Participant: 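Okay, handing you the structure first.
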Amino acid sequence: HNLHLLTREEVRTAFSAYIRSIDEKIRFYNEVEQCLESAECPVHRIALVKRRGFLLKAEREWAQCFLEEYDQAACHA
């Protein structure tokens, strides 16, 4: 709701940082998943980690799409 208070560059910077932070979390959960698989943990425990990874990937996709749409809208404004 408050994006109009920021400059276009500030919005881009903030969303780019957010996407980078999501990427770090995705890498972390991938490493945890590999560790659990190596330790032969039960599938239901691994599934909890995989679920978080899928949610983060969806959030990243949304953030990337929003940033692209924001840029397109800003070009036409």
Side-chain angles (χ1 to χ4, degrees):
H1 294 298
N2 296 323
L3 287 182
H4 68 283
L5 300 175
L6 302 174
T7 66
R8 182 174 173 218
E9 190 56 38
E10 288 172 327
V11 171
R12 284 199 57 55
T13 299
F15 268 85
S16 294
Y18 180 54
I19 290 168
R20 282 192 306 277
S21 75
I22 293 171
D23 288 340
E24 290 173 15
K25 291 173 187 169
I26 290 170
R27 280 191 295 279
F28 169 77
Y29 279 98
N30 285 340
E31 290 173 9
V32 171
E33 181 182 340
Q34 290 173 359
C35 182
L36 293 176
E37 287 173 349
S38 296
E40 298 181 6
C41 284
V43 69
H44 65 279
R45 290 187 182 153
I46 297 170
L48 292 173
V49 173
K50 283 184 174 182
R51 179 179 182 271
R52 183 67 180 147
F54 281 114
L55 293 172
L56 287 166
K57 288 174 187 172
E59 180 70 8
R60 188 196 192 288
E61 183 179 347
W62 170 83
Q64 188 66 47
C65 287
F66 173 80
L67 194 52
E68 291 168 9
E69 291 172 4
Y70 179 83
D71 282 343
Q72 284 181 343
C75 287
H76 297 301

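As the structure is a computational prediction, the values presented were derived from the model and not from experiment.
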Participant: Check for a donor-acceptor pair, side chain of E10 on one end and backbone N or O of T7 on the other, with a separation under 3.5 Å.
Facilitator: yes
Participant: List the atom pairs, with distances to 0.1 Å, where a side-chain N or O of residues 47-62 and a protein N or O form a donor-acceptor pair under 3.5 Å, not counting sequence neighbours.
Facilitator:
from: E59; atom 1: OE2; to: Y18; atom 2: OH; distance (Å): 2.6
from: R60; atom 1: NE; to: D23; atom 2: OD1; distance (Å): 2.5
from: R60; atom 1: NH2; to: D23; atom 2: OD2; distance (Å): 3.4

Participant: Does the side-chain contact (heavy atoms from CB on, under 4.5 Å) test come out yes or no for C75 and R8, once each step is laid out?
Facilitator: CA-CA 10 Å; C75 287; R8 182 174 173 218; 3.9 Å; yes
Participant: Work out which heavy atom in I19 is nearest to a heavy atom in A63; give both atom names and the distance.
Facilitator: CG1-CB, 3.8 Å
Participant: SG of C35 to OH of Y29: how many Å apart, nearest 0.5 Å?
Facilitator: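 Separation between the atoms: 14.0 Å.
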Participant: Could you give me the CA-CA distance, side-chain angles and deciding distance for I26 and N30, then say whether side-chain contact (heavy atoms from CB on, under 4.5 Å) is met?
Facilitator: CA-CA 6 Å; I26 290 170; N30 285 340; 3.7 Å; yes
Participant: Measuring from atom CZ of R12 to atom CG of L67, what distance do you get when rounded to the nearest 0.5 angstrom?
Facilitator: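 Going from the CZ atom of R12 to the CG atom of L67 covers 4.5 Å.
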Participant: For a 4.5 angstrom cut-off between non-hydrogen side-chain atoms, does P42 reach L36?
Facilitator: no
